[in-house]
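Each remark here refers to the structure printed beneath this line.
Note that this is a predicted model, so its numbers are computed, not measured. Labels below follow one simple rule: chain letters A, B, ... track the order of the sequence lines, proteins then strands, and each chain is numbered from 1.
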Number of protein chains: 2
Amino acid sequence: MKPVSIKDIAKAAGVSHPTVSRALCFSPLVKAETAQRIRDMATAMGYRPNAVARGLVTRRTRTIGAVVTTLTDPFHGEVLSGVEELASDHHYSVFVANCNADADREIRVVKLFQERRVDGIVVMCSRVGALYAPLLRELKIPIVLINSNYPNDVFDSVAIDNLGASLQAVQHLISLGHSQIAYLGDQFGLDSDRERFAGYRQALLGAGLPVVTSLTVCGDGTPEGGQAAAARLLALPEPPTAIFCYNDQSAIGALSAIRVHGLRVPEDVSIVGFDDLRIASFANPPLTTVRQPRQLMGRTAAGILLDLLSGSVGQTHVQIPGELIIRRSTATCSTAVSDIQEPAI
Amino acid sequence: MKPVSIKDIAKAAGVSHPTVSRALCFSPLVKAETAQRIRDMATAMGYRPNAVARGLVTRRTRTIGAVVTTLTDPFHGEVLSGVEELASDHHYSVFVANCNADADREIRVVKLFQERRVDGIVVMCSRVGALYAPLLRELKIPIVLINSNYPNDVFDSVAIDNLGASLQAVQHLISLGHSQIAYLGDQFGLDSDRERFAGYRQALLGAGLPVVTSLTVCGDGTPEGGQAAAARLLALPEPPTAIFCYNDQSAIGALSAIRVHGLRVPEDVSIVGFDDLRIASFANPPLTTVRQPRQLMGRTAAGILLDLLSGSVGQTHVQIPGELIIRRSTATCSTAVSDIQEPAI
DNA sequence: TTGTACGCGTTATCAC
DNA sequence: GTGATAACGCGTACAA
């Protein structure tokens, strides 16, 4: 009934259990032929090492915890995939936990991971904020953040250059002649949202354009939220000619809202997304967006974590430049180019 | 440096460590006031129970392992989300591991989970097949499968009624007058793919239509794969007037291929997907598809697993009916209704 | 009501 | 080379 242990093998092989342990770890301290004999018996008896017991004595579990805001978001799935990939390459296992964009829950999850004695933690899109950062810090577990920036650099991090990328994206719209540009953001107070808005703002101000309050609306990162928010923009007395969206999911919702409203993309309204999800290039029209190397970001974060675990010191902050991918959801502003450019029918 | 243990608390409180253990577990065997005093000290000292040590002695880790074919697929992310949700409701933690639709890797991952002494395992879209099922069975760990059906019912399972749903989907196309209907499948030999093809086939035969080999093509479950496969269909001398796709991702690729080919959906070609991903209703045109309640399926599978862990016996096979959601990617077959229906331009 | 003693399966530290 | 023995942190008989 109970799985076989090294003691069982020891008994069967007529040696002591530490010898079995050494043989299985390929320790040079044990005679080659007995080691081989022991290993053969182990496989014959169907032995599987107990990682729990090993973790107790070595004080390292070779596990890492991944905290995710919403697993249902394909963005997070891909980052997580990168984390898992690198982790498993190094024989680490990954715990996942959802925190539903809730800071309290995020802290509870991290504490749970602490009880599980994970060696390190990766947090995606943390919502904990600078206020609670010390609380996490005192847990004494290495933490790497993905796409959230604490002002005081308490944790190592991997993040895209949100501000620079947004700046670039909105400048692209401005260069197409747009001046009525809206920002369709998120609603959870994520750092990335704030930074993308800052880039938007900076681009407008840099071009001498006003930042109009009514042109900033909040979605929730989903197509549904994006659709609703875009509908509000289109109902404005002076609707925007271009919308810069917090992410691709929102942008896809906006695309749909514009269609429902009887307008066309990009002839009537230009749309820019963020993330370059796989479906972005399959949208109709294909979405102009900012590429985030999601799996790479996950791998990078996991790599930093493993470095930390093997004793590296000093903070690492990887900043990844965003790349603007111009597809067919953006075009020159029709009202700016000429007054008569309505379609024949 | 080392985290505080119950022995540390015992020393500080002047009691023995079993008393501390009892107090923390709210055992009635310890005097209420000492129990309270101990618990206060525990929190004051920042005590966090060690789940590893507890797992070693109780032989239950309160963890479950989730094996996923591709985390990057939003379908799997949502199912996983359901699993994690129910698990965490019951204070279980979830390990994730990718197996990349590789049967060998799937078995390795399951064995790794066994070493981690997970209490149970959920496998999504297993590729192990009947041949290796005994190998998994002898690991003596409860396993629940999602969306894969072993012919011999060795494991508990949750699956959608692939055959019935496909039948319904293809009958819908037939009722619209289509007779040149293609199947755009997957390539990894998944059970779900086989069953959906079987439903497709059965619908055709039931309507007295021939099953044409050239109208069956394989994608890989991604938009890219779907696009390439659809392009092959469109290049046929007698291209199909409708395509039933293995999943929504493939369907979105097909949508794009048709657009590139200069044809329209649904006027020239009708498309049916499978899954009803969130983006399905935001596609252009909104996708007719089969709804799978993904999170519910994940929750259900986790529920079965937890029942198993609390001693339930007898196999459970939950079969979820698929629901056909008719949107705007399907329409009556133009060539069947009249001969002249080409657009003016 | 509480303390003593032991075991969980491993690795680590000594001897020999 | 190998074998006792201890330790990791916790739960649980049993004794007090």
Side-chain angles (χ1 to χ4, degrees), chain A residues 1-39 41-42 45-63 91 93 112 114-119 140, chain B residues 1-39 41-42 45-63 91 112-119 140:
Chain A
M1 207 74 265
K2 275 202 300 188
V4 301
S5 72
I6 55 171
K7 286 186 184 173
D8 299 325
I9 301 173
K11 199 169 297 175
V15 294
S16 70
H17 74 269
T19 301
V20 175
S21 174
R22 286 187 278 252
L24 294 176
C25 291
F26 291 87
S27 159
L29 295 172
V30 59
K31 192 162 64 181
E33 52 181 315
T34 38
Q36 191 55 52
R37 187 169 56 88
I38 289 171
R39 284 193 292 264
M41 296 204 66
M45 296 172 71
Y47 170 75
R48 305 256 82 208
N50 184 328
V52 177
R54 179 182 292 156
L56 183 60
V57 56
T58 61
R59 304 165 154 289
R60 307 193 82 219
T61 53
R62 291 192 89 85
T63 58
H91 305 102
S93 292
L112 177 65
Q114 190 195 15
E115 297 191 2
R116 296 263 176 221
R117 296 300 189 262
V118 299
D119 294 335
K140 303 285 182 196
Chain B
M1 209 71 264
K2 274 202 300 188
V4 300
S5 73
I6 55 171
K7 285 186 185 172
D8 300 325
I9 301 173
K11 200 169 295 175
V15 294
S16 69
H17 79 265
T19 302
V20 175
S21 173
R22 288 187 275 254
L24 295 176
C25 290
F26 291 88
S27 158
L29 296 171
V30 60
K31 193 163 62 178
E33 54 181 315
T34 38
Q36 189 56 52
R37 186 168 57 86
I38 289 171
R39 283 193 292 263
M41 294 202 69
M45 296 171 70
Y47 171 74
R48 305 257 84 207
N50 184 328
V52 176
R54 180 181 291 158
L56 183 59
V57 57
T58 62
R59 305 165 150 290
R60 308 193 81 219
T61 52
R62 292 193 88 87
T63 57
H91 306 101
L112 177 65
F113 282 160
Q114 188 196 17
E115 297 191 3
R116 297 260 175 223
R117 296 300 189 262
V118 300
D119 295 335
K140 302 285 181 196

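Side-chain N/O atoms of A:Ser93 and B:Arg116 include a donor and acceptor closer than 3.5 Å.
For A:Arg39, the side-chain hydrogen bond (donor to acceptor under 3.5 Å, both in side chains) partners two or more places apart in sequence, or in a different chain, are A:Gln36. Applying the side chain to side chain contact (heavy atoms under 4.5 Å, CB included) test to B:Lys11 and every residue at least two apart in sequence or in another chain returns nothing. Scored by the side chain to side chain contact (heavy atoms under 4.5 Å, CB included) test, A:Asp8 finds A:Val4, A:Ser5, A:Met45 as partners (sequence neighbours excluded). Contacts of B:Glu115 classified as side-chain hydrogen bond (donor to acceptor under 3.5 Å, both in side chains), with partners at least two apart in sequence or in another chain: A:Arg48. When the side-chain hydrogen bond (donor to acceptor under 3.5 Å, both in side chains) test is applied to B:Arg62, no partner is found at least two apart in sequence or on another chain.
Contact record, B:Ala53 with A:Leu56: CB-CD1, 3.6 Å, taken as the closest heavy-atom pair. Heavy-atom minimum distance, B:Ala35 versus B:Val30: CB-CG1, 3.7 Å.
Separating the CG atom in B:Asn50 from the CD atom in A:Gln114 is a distance of 10.0 Å, to the nearest 0.5 Å. To the nearest 0.5 angstrom, A:Met41 atom CE is 8.0 Å from A:Ile9 atom CD1. One distance of note links CZ of A:Arg60 with CG of A:Asp119; it measures 5.0 Å at 0.5 Å rounding.
Scanning DNA chain C 5' to 3' for nucleotides with an atom closer than 4.0 angstrom to a non-hydrogen atom of chain A gives a first and last hit of C:dC8 to C:dT13. From the 5' end on, the contacts that DNA chain D makes with chain A at under 4.0 Å to a non-hydrogen atom open and close at D:dG1 to D:dG9.
Toward the 5' end of DNA chain C, the nearer of the two residues B:Arg59 and B:Ala35, judged by each one's closest nucleotide, is B:Ala35. DNA chain C is contacted by both A:Ser5 and B:Pro28; B:Pro28 maps to the nucleotide lying nearer its 5′ end (nearest heavy atom per residue).
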Donor-acceptor pairs are to be reported for all side-chain atoms of residues 12-24 of chain A against protein atoms at under 3.5 Å, with residues two or more places apart or in another chain.
| unit_1 | atom_1 | unit_2 | atom_2 | d |
| --- | --- | --- | --- | --- |
| A:Ser16 | OG | A:Thr19 | OG1 | 3.1 |

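Between A:Tyr47 and A:Ile6 there is a side-chain heavy-atom pair separated by less than 4.5 Å.
Heavy-atom distances under 4.0 Å link DNA chain D to B:His17 of residues 8-17 of chain B, given in residue order. A heavy atom lying under 4.0 Å from DNA chain C marks the following residues of residues 18-25 of chain B, by number: B:Pro18, B:Thr19, B:Arg22. Contacts between residues 47-57 of chain A and DNA chain D, counted as heavy-atom distances below 4.0 Å, involve A:Leu56, A:Val57.
For the helix from C:dT1-D:dA16 to C:dC16-D:dG1, the terminal axes (five pairs an end, C1' atoms, rotation from four pairs onto the next four) enclose an angle of 40°, given to 10 degrees.
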